[in-house]
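Read the structure below first, then the notes.
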Amino acid sequence: MKTDPCRFCRLYAFAVIAFAALVGVVTTVQFVLSAREHFRTYAAQFLFHGTVRSLAPAASGSALLLALVLWAHPLTLRELQADKRRILRRAAVVALPGYLVAALTAVVAGLLVLLGVFGQGGSIVGSGASVVNWRDFWTGGVATAADTLLILFLADRYAVRLQHGGLSLPAKLIIVVTVSVGLRASVGLVLASLVSG
């Protein structure tokens, strides 16, 4: 297979935008439908705050995981071993900018739902943005860094073993999701308790 040095970055960019848009829409709809009528006016604030602190880091990490699996799947073992370190370094570099892209995408997707579907006024943008401060971005950045380090550790340790098994792409995705979700959630919970405490 001919090596494409940009394939991983394209996979990650597509995945981070897709995950973030999905998270922004689903979270917004869920909040509006489950909140009492009085609290629906706070949907934009919930969207901004939740996205910056936790949803964007989760979307960025999930996109990173998916991009790594999709990148590695068509490679031979030799190609994977030769390129793994370079791609893991690249993954480390794109994670924090990916977090910012995920935050922006999720917020925009959620706002479009609030404005277009639920008919909220344009003032929700300023209302939502007013609740976010530097500490929220710091918390989201730390969460993204911790999630990225965990994903890179798992990829470094187990990518070759997973590739060696000769599994189909769906089987690889099932294994990766099954193993990583619990670990990522545990790290996120511990980190949240440390940051908030």
Side-chain angles (χ1 to χ4, degrees), residues 1-24 50-107 132 134-165 169 172-195:
M1 177 179 178
K2 186 179 176 187
T3 304
D4 178 356
C6 297
R7 188 168 67 89
F8 168 78
C9 292
R10 282 196 305 271
L11 289 168
Y12 176 71
F14 176 76
V16 78
I17 290 170
F19 274 118
L22 180 65
V23 164
T51 295
V52 170
R53 289 181 73 94
S54 60
L55 297 177
S60 176
S62 297
L64 189 63
L65 203 54
L66 179 63
L68 286 169
V69 173
L70 293 175
W71 167 78
H73 178 67
L75 302 178
T76 65
L77 277 175
R78 181 172 293 171
E79 289 170 332
L80 177 61
Q81 288 170 329
D83 247 5
K84 184 176 74 165
R85 293 278 183 210
R86 180 181 64 84
I87 292 300
L88 292 181
R89 282 193 300 271
R90 188 169 288 182
V93 169
V94 300
L96 284 176
Y99 157 70
L100 296 174
V101 169
L104 180 64
T105 303
V107 165
V132 178
W134 68 269
R135 184 173 168 83
D136 296 319
F137 282 101
W138 169 254
T139 301
V142 169
T144 300
D147 197 26
T148 300
L149 288 174
L150 176 61
I151 290 167
L152 296 180
F153 170 77
L154 292 172
D156 187 48
R157 290 289 302 235
Y158 300 108
V160 173
R161 291 182 195 175
L162 190 63
Q163 192 76 350
H164 184 67
L169 181 58
K172 287 178 184 176
L173 289 171
I174 289 168
I175 290 170
V176 167
V177 168
T178 302
V179 169
S180 68
V181 165
L183 291 171
R184 291 176 65 206
S186 298
V187 168
L189 287 172
V190 168
L191 188 64
S193 67
L194 292 174
V195 171

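For the numbers below, each heavy atom of this structure counts, side chains included, while hydrogens, waters and symmetry mates do not.
Not a single donor-acceptor pair under 3.5 Å links the side chain of S60 to the backbone N or O of A56. At least one donor-acceptor pair under 3.5 Å links the side chain of R184 to the backbone N or O of A58.
Between the CG atom of L104 and the OG1 atom of T51 there is a distance of 10.5 Å, given to the nearest 0.5 Å. Note that CG of L22 and CG of L55 are 11.0 Å apart. Values are rounded to the nearest 0.5 Å. Going from atom NZ of K84 over to atom CG of L77 covers 11.0 Å, rounded to the nearest 0.5 Å. With rounding to the nearest 0.5 Å, the separation of OG1 in T76 from CG in L80 is 8.0 Å. For the atom pair CZ (R7) and CD1 (I87), the distance works out to 8.0 Å, reported to the nearest 0.5 Å. Note that OG of S54 and CG of D136 are 10.0 Å apart. Values are rounded to the nearest 0.5 Å.
Using a 4.5 Å heavy-atom threshold, the side chains of T139 and R135 count as touching. Using a 4.5 Å heavy-atom threshold, the side chains of Y158 and V179 count as separate. Between F19 and L66 the shortest side-chain heavy-atom distance falls below 4.5 Å. For the pair L96 and T144, the minimum side-chain heavy-atom distance is below 4.5 Å. Side-chain contact check for L70 versus L169: some heavy-atom pair is nearer than 4.5 Å. With contacts defined as side-chain heavy-atom distances shorter than 4.5 Å, the pair L65/V176 qualifies.
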Practice task
Check the pair V132 / R53 against side chain to side chain contact (heavy atoms under 4.5 Å, CB included), numbers first and verdict last.
Solution key: CA-CA 9 Å; V132 178; R53 289 181 73 94; over 6 Å; no
Exercise for the section: Decide side chain to side chain contact (heavy atoms under 4.5 Å, CB included) for F8 and V94; before the verdict, give the C-alpha distance in whole Å, the side-chain angles of both, and the deciding distance to 0.1 Å. Expected result: CA-CA 10 Å; F8 168 78; V94 300; 4.2 Å; yes
Exercise for the section: List the steps and the verdict of side chain to side chain contact (heavy atoms under 4.5 Å, CB included) for L88 and L68. Expected result: CA-CA 9 Å; L88 292 181; L68 286 169; 4.2 Å; yes
Exercise for the section: Show your reasoning for whether side chain to side chain contact (heavy atoms under 4.5 Å, CB included) applies to L162 and I175. Expected result: CA-CA 9 Å; L162 190 63; I175 290 170; 4.1 Å; yes
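Summarising the geometry of Y99 relative to Y12, their closest heavy-atom pair is N-OH, 4.3 Å, with the distance given to 0.1 Å. Considering all non-hydrogen atoms of both residues, G61 and D147 come closest at CA-OD2, 3.3 Å. A102 approaches V16 most closely through the heavy-atom pair CB-CG2, 3.9 Å. Between T105 and A21, the shortest heavy-atom contact is CG2-N, 3.7 Å. The minimum heavy-atom distance between A91 and L64, with the atom names listed, is CB-CD1, 3.5 Å.
Screening K172, E79, H73, Q81 for a side-chain hydrogen bond (donor to acceptor under 3.5 Å, both in side chains) with Q163, the sole residue that qualifies is K172.
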